[in-house]
Amino acid sequence: MSDDKLVDYVNDELYWDPKVDNEAIAVSADDGKVTLRGTVSSYREKLEAKKAAERVYGVKSVENKLEVQLMDGGKREDADLRGDVLQALMLDSLVPKTVDATVDDGLVTLTGTADWQYQRDEAEFIAGNVPGVIAVFDEISLKPSPSATDVKHSIKEAFKRNAKLDADELTVTTSNGTATIEGVVSSWAEHDEAVAAAWFSPGVNDVDDQIVVAY
């Protein structure tokens, strides 16, 4: 597929997604590598735009250079914004009480500890939905798991169980809590499934994603 055709497809997907206003988004492509530029009205919309681009067949990677430009009256005092972020985190049962947040000029930094990666992901998702947030930086640390045994075997078995993955195309190596995933997949959806499966394994504190999306 030519880069021009890929740009057309990404633009069409952005237009198709009701969560994204594509009027101020410019798309470029270079050998399947897509870059998004322009402005959006919220941090959540910035993330949704990247997801939409990754859904398009032929996209190898997405560089998200979109800037969050709050609507008139959307900018908020940091203290008020932090209060709303902490309230939202507290009300979500998936976010541990050990997570804290600071705010500087609309930029939210999450700190503290969690047992699982999904808890970090949930905290980032919840914080990013609060009106007035421009960006979220996730600095939450994962606690070491005392129950971890054969991490590599556990991840490989998870790959085999997953109907969306071709386990034979992926290799796993582990060292000191870091799982390195290598191989080739045919879509970003398959890529995300593999990374998520690796994070679910007890004892994984980091995932080194070396997966290549090829068509």
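Values reported hereafter were calculated over all heavy atoms of this structure, with side chains retained and with hydrogens, waters and symmetry mates removed.
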Which pairs of donor and acceptor atoms, one on a side chain in residues 22-39, lie under 3.5 Å apart (sequence neighbours left out)?
unit_1	atom_1	unit_2	atom_2	d
Ser28	OG	Arg37	NH1	3.2

Residues 107-120 side chain polar contacts: donor-acceptor under 3.5 Å, at least two apart:
unit_1	atom_1	unit_2	atom_2	d
Thr113	OG1	Thr98	OG1	3.4
Gln117	OE1	Arg120	NH1	3.1
Gln117	NE2	Asp121	OD1	2.9
Gln119	OE1	Asp115	N	2.9
Gln119	OE1	Trp116	N	3.0
Arg120	NE	Ile140	O	3.1
Arg120	NH2	Ile140	O	3.4

For residues 10-19, tabulate all N or O donor-acceptor pairs below 3.5 Å that involve a side-chain atom, not counting sequence neighbours.
unit_1	atom_1	unit_2	atom_2	d
Asn11	ND2	Val7	O	3.3
Glu13	OE2	Arg55	NE	3.0
Glu13	OE2	Arg55	NH2	3.1
Asp17	OD1	Lys19	N	2.9
Asp17	OD1	Lys19	NZ	3.3
Asp17	OD2	Arg55	NH2	3.1

Not counting sequence neighbours, which residues clear side chain to side chain contact (heavy atoms under 4.5 Å, CB included) with Thr173? List them please. Thr180

Joint cluster assignment, Val184 & Val207, ILVMFWY side-chain distance < 4.5 Å: no

Identify, with sequence neighbours excluded, every residue that meets side chain to side chain contact (heavy atoms under 4.5 Å, CB included) alongside Ser187. Ala189, Glu190

Any link between Met1 and Val213 through a network of hydrophobic side chains (Ile, Leu, Val, Met, Phe, Trp, Tyr) touching at under 4.5 Å? yes

Which pair of non-hydrogen atoms, one from Phe159 and one from Ala197, has the smallest distance, and what is that distance? CE2-CB, 3.7 Å

Identify, with sequence neighbours excluded, every residue that meets salt bridge (charged side-chain N to carboxylate O under 4.0 Å, His left out) alongside Asp78. none

Do Tyr57 and Ile211 sit in one hydrophobic cluster, given that two such residues count as connected whenever their side-chain heavy atoms are within less than 4.5 Å of each other, even indirectly? yes

Rounded to the nearest 0.5 Å, what's the gap from OG on Ser2 to CG on Asp8? Could you check? 8.0 Å

Salt bridge (charged side-chain N to carboxylate O under 4.0 Å, His left out) with Glu169: which residues, sequence neighbours excluded? none

Counting N and O atoms only, with roles assigned by atom type, does the side chain of Lys156 sit under 3.5 Å from a partner on the main chain of Leu170, one being a donor and the other an acceptor? yes

Sequence neighbours excluded, which residues qualify as salt bridge (charged side-chain N to carboxylate O under 4.0 Å, His left out) partners of Lys5? none

What distance do Lys46 atom NZ and Lys50 atom NZ have between them, rounded to the nearest 0.5 Å? 9.5 Å

Results of ring-ring contact (aromatic ring centres under 6.0 Å, His included) for Trp188 - residues two or more places apart only: His191

Atom CD of Gln210: over 12 foreign heavy atoms under 6.0 Å: yes

Val59 and Ala53: which non-hydrogen atoms are nearest, and at how many Å? CG2-O, 3.4 Å

Atom of Leu81, atom of Gly106 and distance for their closest heavy-atom approach: CD2-CA, 3.9 Å

Nearest heavy atoms of Ala101 and Val85, plus distance in Å: CB-CG1, 3.9 Å

Would you call Ile155 and Val204 a side-chain contact if the rule is heavy atoms closer than 4.5 Å? yes

Got a sec, which residues hit side chain to side chain contact (heavy atoms under 4.5 Å, CB included) with Ile126, two or more places apart in sequence or on another chain? Ala88, Leu89, Asp92, Glu122

For Glu193, give me all partners under side chain to side chain contact (heavy atoms under 4.5 Å, CB included), at least two apart in sequence or on another chain. Asn162, Lys164, Leu165

Test Arg82 against every option in Asp105, Asp100, Asp104 by the salt bridge (charged side-chain N to carboxylate O under 4.0 Å, His left out) rule and name the one that passes. Asp100

Contact check, side chains of Phe125 and Leu94, non-hydrogen atoms, under 4.5 Å: no

Please say which of Leu66, Leu47, Val20 ends up in a side-chain contact (heavy atoms from CB on, under 4.5 Å) with Val40. Leu66

Between the main-chain N or O of Thr178 and the side-chain N or O of Asp208, is there a donor-acceptor pair closer than 3.5 Å? no

For Asn205 versus Lys143, what's the shortest heavy-atom pair and its separation? OD1-O, 3.6 Å

Tell me, please, which residues at least two apart from Glu157 pass salt bridge (charged side-chain N to carboxylate O under 4.0 Å, His left out). Lys160

For the CD atom on Glu77, are there more than 12 heavy atoms of other groups (residues, nucleotides or ligands in this structure) within a distance under 6.0 Å? no

